[in-house]
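To start, the structure itself, in structure tokens.
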Amino acid sequence: MLPRLSLACLIGVSLAGLYPVTDGFAADRPTLHEVLASLSTERMMADIAELSGPQFNGRQAGTDDDYRSALWISRRFTSSGLTLASLPDRFPMEVDQPPMTGFMADRITAVTIGAHPILQIGRDSSLRATRVHHDFLPILDAPAADVQGPVVFVGYGMPEDYTAVDVHNCIVLFLRGKPDHSSHTLSHADKVRLARGHGAVGYLTATGPILKSYEVRRGITGSPSAFYGQLPQADSIPGAWISTALAEELLAGRHASPAGALRDAQEQLNRSASSRSVRTDYFAALRWSSEAREGLLVNVLGLLPGTGPETIIVGAHRDHFGNTAGLLFPGADDNASGTAVMLEVARALTAVHWRPARTILFISFSAEERDLLGSRLYVSRPAVAPRETAAMINIDHAGVGSGRLTVGVTDMERTIAAEAGQHAGLGERVDLFGFFPGGDHVPFKEAGIPTVTVVSGGAHPHFHQPSDTVDTIDPEILQTVARYVLALVWQLAQS
């Protein structure tokens with residue numbers, strides 16, 4: 001752990017010199033209404049179009065594309081009037097790129113799946129090809145694949161699901177998530193380790209036909225999604241996320257209704273711990289190339305100095321899945337939209353020469369899609385001590401949905417989050433919840449820092465899909481999120 005730096009050390013100059021206090025300052029102080037009125041939907045849409053466009057190639061963490069997006073963010077921070085945090089001792093040594101002011105970086109391995117991945121299935125030696133993206137997607141950090149074997153259904157992939165079947169030299173099929181009756185959760189990586197430990201040579205995973213209420217609310221479908229397994233390639237086996245329809249076909253008997261077989265199995269798995277594992281009538285083959293390269297994970301930090309010792313963090317991840325498996329994942333909603341909101345809020349606050357009571361630290365995180373590695377990096381080596389961090393606001397998926405806001409609050413009075421909605425003129429369009437289990441706010445919550453997560457409510461049908469493009473973004477939703485975040489920052493930073 002590196003020593004914590006004081007705010008003055010981060011900036012490298014006297015705050016008083018940056019923002020001299022004058023007798024007329026109070027009289028010239030802007031109102032929240034004036035700053036809200038300055039938010040530009042057109043500017044945010046332009047930022048989303050640029051970030052999700054071809055020049056950044058999907059912004060996969062650890063690639064040159066994401067590094068260039070970090071440089072772009074740093075230029076946007078400085079042009080808006082933020083001061084880049086000076087963190088040279090947090091930059092790894094002997095890297096190809098020179099240290100940059102405002103960068104907090106670490107090494108990371110980026111994996112690219114070859115352009116023509118293959119998943120074949122069949123009931124005998126005659127296997128038919130399935131369609132990439134429509135029927136399956138390789139797990140995007142999976143090792144190279146050249147395996148074939150019988151398909152064995154192992155329920156949710158829990159330990160008890162292996163008690164009655166032999167999966168040695170087989171390809172296992174397990175459902176995502178966990179059964180309703182279970183209080184124990186296995187991560188995807190845990191399930192893969194378990195399958196490998198029982199001798200499986202590959203795996204398939206799918207969303208079951210029975211969805212949880214959260215999945216329904218988020219618009220989860222039976223389509224395969226881009227996903228990282230979060231296992232080193234040496235410890236993993238090849239795997240793919242398949243569509244619910246394909247999983248139903250694999251589990252169906254020769255004369256069974258395809259939809260009924262998987263639904264019945266999931267219903268019984270949800271009711272009791274008895275195994276529903278079975279060797280199916282099918283064989284499968286997985287074939288693709290996989291290339292791993294070491295690169296940089298880069299967070300970008302910009303400051304709007306305040307008058308007091310405490311800090312508010314406003315964060316949004318900018319990384320996505322890049323160009324892999326022959327598919328480009330633009331990531332317009334996820335999360336060029338949240339990044340654009342953060343940039344516009346920063347611009348609006350600095351444009352009025354506002355000097356808040358609390359410093360505001362804006363952070364563009366990378367590697368959120370890689371198990372929150374960017375936000376975990378920050379929390380492990382914070383620029384501002386946790387005891388001096390009053391709150392962390394996370395913005396994610398800010399451009400698609402129903403027009404309502406979904407706001408998750410931890411370790412903070414919900415009335416504060418509700419009042420921000422009123423100040424922003426959003427009436428009753430803010431839906432308040434507790435802790436959300438995923439997102440860059442999680443490491444901050446674990447460190448004891450109050451968090452607020454802001455997501456546009458309703459379904460996000462292009463979630464982790466190549467179809468997540470700028471033309472799917474709703475400008476009105478974007479403006480709603482920006483107004484709420486600005487009002488919340490204004491409220492918290494003046495406390």
Side-chain angles (χ1 to χ4, degrees), residues 119-124 127-128 130 135-139 142 145 147-182 184-212 215 220 222-225 227 229 236-286:
L119 167 61
Q120 296 172 304
I121 64 167
R123 282 180 167 151
D124 49 36
L127 302 180
R128 66 174 173 85
T130 60
D135 296 317
F136 81 100
L137 272 174
I139 301 302
V147 297
Q148 181 172 327
V151 177
V152 179
F153 176 67
V154 291
Y156 281 97
M158 311 293 278
E160 59 268 24
D161 293 315
Y162 288 90
T163 56
V165 291
D166 179 9
V167 301
H168 190 71
N169 289 328
C170 295
I171 294 174
V172 299
L173 166 62
F174 56 79
L175 298 176
R176 298 185 54 73
K178 69 180 183 68
D180 292 343
H181 66 81
S182 177
H184 180 59
T185 301
L186 283 186
S187 69
H188 178 89
D190 291 333
K191 293 184 180 184
V192 176
R193 290 190 189 98
L194 197 58
R196 183 173 184 258
H198 281 84
V201 296
Y203 69 92
L204 306 172
T205 186
T207 302
I210 303 171
L211 298 177
K212 305 286 194 298
E215 293 172 320
I220 300 299
S223 299
S225 293
F227 182 74
S236 188
I237 53 177
W241 186 330
I242 64 173
S243 68
T244 304
L246 183 56
E248 289 169 338
E249 178 183 348
L250 292 173
L251 192 58
R254 294 180 186 274
H255 306 293
S257 165
L262 185 59
R263 178 174 290 274
D264 289 347
Q266 189 179 10
E267 285 177 345
Q268 294 181 49
L269 287 164
N270 284 341
R271 284 198 300 265
S272 71
S274 59
S275 174
R276 300 296 301 170
S277 300
V278 63
R279 189 176 180 126
T280 73
D281 294 337
Y282 282 85
F283 290 80
L286 303 172

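- Considering only heavy atoms from C-beta on, Tyr156 comes within 4.5 Å of Gln266 through its side chain.
- Looking at Val154, Val167, Val172 one by one, the single match for side chain to side chain contact (heavy atoms under 4.5 Å, CB included) with Ser277 turns out to be Val154.
- Every residue meeting the side-chain contact (heavy atoms from CB on, under 4.5 Å) condition with Val278, not counting sequence neighbours, appears here in chain and number order: Phe153, Leu251.
- Asp180 meets the salt bridge (Lys or Arg N to Asp or Glu O under 4.0 Å) test with Lys212; sequence neighbours excluded.
- At least one side-chain heavy atom of Arg128 sits under 4.5 Å from a side-chain heavy atom of Ile121.
- Tyr282 meets the ring pair (Phe, Tyr, Trp, His ring centres under 6.0 Å) test with no other residue; sequence neighbours excluded.
- Evaluation of the side-chain contact (heavy atoms from CB on, under 4.5 Å) rule for Ser182 yields Met158, Pro179, His184 as partners, not counting sequence neighbours.
- Scanning for side-chain hydrogen bond (donor to acceptor under 3.5 Å, both in side chains) contacts around Thr163 gives an empty result, with sequence neighbours left out.
- Using a 4.5 Å heavy-atom cutoff, the side chains of Leu246 and Leu119 are in contact.
- Nearest heavy-atom pair, Thr280 versus Val151, reported as atom, atom and distance to 0.1 Å: OG1-O, 2.8 Å.
- A search for side-chain contact (heavy atoms from CB on, under 4.5 Å) contacts involving Ala189 returns Ser187, Arg193, Leu231, not counting sequence neighbours.
- For the atom pair Gln120 CD and Thr130 OG1, the distance stands at 8.0 Å (nearest 0.5 Å).
- Smallest separation of non-hydrogen atoms from Arg123 and Ala252: NH2-O, 3.9 Å.
- Taken to the nearest 0.5 Å, the OG1 atom of Thr244 stands 13.0 Å off from the CD atom of Glu249.
- Applying the side-chain hydrogen bond (donor to acceptor under 3.5 Å, both in side chains) criterion to Ser236, with sequence neighbours excluded, gives no partner residue.
- Residues that satisfy the side-chain hydrogen bond (donor to acceptor under 3.5 Å, both in side chains) test with Arg176, not counting sequence neighbours, are absent from this structure.
- Residues Ala273 and Glu160 come closest through the heavy atom pair O-CG, 3.9 Å.
- By the 4.5 Å heavy-atom criterion applied to side chains, Pro224 and Ile242 are not counted as neighbours.
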Identify each donor-acceptor pair in which a side-chain atom of residues 196-211 lies under 3.5 Å from a protein atom, sequence neighbours left out, and give them as a table.
from   : atom 1 : to     : atom 2 : distance (Å)
His198 : ND1    : Leu194 : O      : 2.9
Tyr203 : OH     : His188 : NE2    : 3.0
Thr205 : OG1    : Phe174 : O      : 3.2

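- Nearest heavy atoms, Lys191 versus Gly157: CG-O, 3.9 Å.
- The heavy-atom pair separating Pro238 from Ala145 by the smallest distance is CB-CB, 3.5 Å.
- Taking CG from Leu262 and CG from Leu173, the interatomic distance works out to 7.5 Å, rounded to the nearest 0.5 Å.
- Remark: Phe227 CZ to Leu137 CG distance equals 12.0 Å, nearest 0.5 Å.
- Remark: Tyr162 pairs with no residue by the side-chain hydrogen bond (donor to acceptor under 3.5 Å, both in side chains) rule, at least two apart or across chains.
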